[in-house]
*Asks:* 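Could you have a look at this structure, given as structure tokens, before my questions?
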Amino acid sequence: MDTKIDKEASRAAYNLVCDDCSAVICVTFKYDGSTIVPREQGAEYQHFIQQCTDDIRLFAFVRFTTEDAMNKKSKFALITWIGEDVSGLQRAKTGMDKTLVKEVLQNFAKECVISDRKELEEDFIKSELKKAGGANYDAQTE
């Protein structure tokens, strides 16, 4: 059975995370049968991490606020979580299904595929965003 995505609901969840006035900074997208749907929304990154168990695969769209000496910006990450206990067939299918997710979630600075809980650390993701983010004024001296 081919996987589908609920585009309307997914787009609404995506827009909520993109809105700097919204308290929601992350939304997860999980499988409901053969359809990918938005599920949990959260105002804290830890809420997302708690959902990443060894037996599931999910997608997350997360807003981070990054700062350097001159700027404070919102940056976005698309995170694909694949737990250690997910079968090889489901792992492979997740890669193909991600193309459906990327049709809706189009504006992100960094894309991560993660199976190791250490790589879920907020500081690790922020450092990856900083590398991908262009101008970095922290290196400038006054």
Side-chain angles (χ1 to χ4, degrees), residues 1-140:
M1 186 179 296
D2 287 342
T3 304
K4 299 178 213 149
I5 187 167
D6 183 339
K7 286 185 179 182
E8 188 173 317
S10 297
R11 193 165 287 116
Y14 165 78
N15 288 334
L16 191 60
V17 173
C18 288
D19 182 356
D20 284 334
C21 295
S22 168
V24 175
I25 64 150
C26 64
V27 64
T28 56
F29 299 84
K30 296 182 179 178
Y31 292 86
D32 183 7
S34 64
T35 303
I36 298 169
V37 296
R39 286 291 188 205
E40 301 286 326
Q41 299 175 356
E44 294 181 17
Y45 185 73
Q46 290 302 317
H47 181 78
F48 155 64
I49 290 178
Q50 292 170 353
Q51 297 174 61
C52 297
T53 59
D54 287 340
D55 60 337
I56 67 161
R57 55 197 174 125
L58 62 79
F59 305 95
F61 186 67
V62 185
R63 176 179 69 218
F64 293 93
T65 301
T66 60
E67 294 183 58
D68 59 32
M70 297 187 66
N71 294 309
K72 184 175 182 180
K73 303 179 205 179
S74 290
K75 299 208 177 190
F76 302 93
L78 172 61
I79 301 171
T80 303
W81 168 256
I82 304 172
E84 287 183 20
D85 297 338
V86 172
S87 73
L89 182 60
Q90 282 187 327
R91 284 176 181 271
K93 192 159 175 17
T94 303
M96 293 184 300
D97 294 344
K98 185 169 40 173
T99 60
L100 296 171
V101 174
K102 289 168 79 173
E103 287 178 14
V104 177
L105 314 178
Q106 297 179 344
N107 179 27
F108 50 88
K110 183 68 178 170
E111 178 181 345
C112 305
V113 178
I114 300 175
S115 293
D116 183 347
R117 291 196 64 84
K118 291 179 204 160
E119 292 180 13
L120 283 174
E121 293 295 323
E122 188 170 4
D123 289 341
F124 176 79
I125 303 293
K126 280 186 172 183
S127 72
E128 292 296 305
L129 281 169
K130 201 170 198 176
K131 289 177 197 173
N136 176 3
Y137 296 104
D138 280 343
Q140 305 292 323

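All figures in this text were calculated on a predicted structure; none of them were measured in a lab.
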*Asks:* With side chains defined as the heavy atoms from C-beta onward, is the minimum distance between Val101 and Thr80 less than 4.5 Å?
*Replies:* no
*Asks:* Is Arg63 close to Asp20 at the side-chain level, that is, under 4.5 Å between some pair of heavy atoms?
*Replies:* yes
*Asks:* Under the salt bridge (Lys or Arg N to Asp or Glu O under 4.0 Å) rule, collect the residues that match up with Arg57, sequence neighbours excluded.
*Replies:*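 Counting only residues at least two positions away or on another chain, Arg57 forms a salt bridge (Lys or Arg N to Asp or Glu O under 4.0 Å) with Asp97.
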*Asks:* Measure the spacing between CD of Glu103 and OG of Ser10 and express it to the nearest 0.5 Å.
*Replies:*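 Nearest 0.5 Å value for the CD-OG distance: 11.0 Å.
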*Asks:* Considering non-hydrogen atoms only, spot the tightest contact between Glu84 and Ser115 and give its length.
*Replies:*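 Taking Glu84 first and Ser115 second, the nearest heavy atoms are CG-O, 4.2 Å.
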*Asks:* Report the distance from atom OG1 of Thr94 to atom CG of Leu89, rounding to the nearest 0.5 Å.
*Replies:* 9.5 Å
*Asks:* With rounding to the nearest 0.5 angstrom, report the CD to CD distance, Glu128 to Glu119.
*Replies:*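 Output value for this atom pair is 8.5 Å.
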*Asks:* Give the minimum heavy-atom separation between Asp85 and Asp55, together with the two atoms involved.
*Replies:* CB-CA, 4.2 Å
*Asks:* So which heavy atom on Lys102 is nearest to which on Phe108, and how close?
*Replies:*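 Here Lys102 and Phe108 meet closest at CE-CZ, 4.0 Å.
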*Asks:* Tell me every residue that passes salt bridge (Lys or Arg N to Asp or Glu O under 4.0 Å) with Asp32, counting only those two or more places apart in sequence or in another chain.
*Replies:* Arg39
*Asks:* Phe61 and Phe29: aromatic ring centres closer than 6.0 Å?
*Replies:*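 Centroid distance Phe61-Phe29: not below 6.0 Å, so no.
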*Asks:* So Trp81 and Thr28, do their side chains get closer than 4.5 Å, heavy atoms only?
*Replies:*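 No; the side chains remain at least 4.5 Å from each other.
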*Asks:* What distance separates Cys112 SG from Leu129 CG, expressed to the nearest 0.5 Å?
*Replies:*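 So the gap between those two atoms works out to 7.0 Å.
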*Asks:* In Å, rounded to the nearest 0.5 Å, how long is the span from CG of Asp2 to NZ of Lys4?
*Replies:* 8.0 Å
*Asks:* Measure across Gly83 and Arg91 and return the closest heavy-atom pair with its distance rounded to 0.1 Å.
*Replies:*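 Taking every non-hydrogen atom into account, O-NH2, 3.0 Å.
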*Asks:* Return the minimal non-hydrogen interatomic distance between Val17 and Phe76, and the atom names on each side.
*Replies:*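 Taking every non-hydrogen atom into account, O-CE2, 3.7 Å.
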*Asks:* Which atoms form the tightest heavy-atom contact between Gln51 and His47, and what is the distance?
*Replies:*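 So the two residues come closest at NE2-O, 3.3 Å.
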*Asks:* Check the pair Tyr14, Asn107 against side chain to side chain contact (heavy atoms under 4.5 Å, CB included), reporting the backbone distance first and the verdict last.
*Replies:* CA-CA 9 Å; Tyr14 165 78; Asn107 179 27; 3.0 Å; yes
*Asks:* Is there a side-chain contact between Arg117 and Ile49 in this structure, where contact means two heavy atoms from C-beta onward sitting under 4.5 Å apart?
*Replies:* yes
*Asks:* Less than 4.5 Å apart, any side-chain heavy atom of Leu120 and any of Phe48?
*Replies:* yes
*Asks:* Look only at the side chain of Tyr31 and the backbone of Thr3, and say whether a donor-acceptor pair between them is shorter than 3.5 Å.
*Replies:* no
*Asks:* Kindly compute the distance separating CD1 (Ile56) from NZ (Lys30), expressed to the nearest 0.5 Å.
*Replies:* 4.5 Å
*Asks:* Are Leu16 and Val27 close enough that some pair of their side-chain heavy atoms sits under 4.5 Å apart?
*Replies:* no
*Asks:* With Phe59, which residues qualify under ring-ring contact (aromatic ring centres under 6.0 Å, His included), at least two apart?
*Replies:* none
*Asks:* Does atom CD of Glu122 have more than 12 heavy-atom neighbours, drawn from other residues, nucleotides or ligands, at distances under 6.0 Å?
*Replies:* yes
*Asks:* Taking Asn15 for the side chain and Arg11 for the main chain, is one N or O donor matched with an acceptor at less than 3.5 Å?
*Replies:* yes
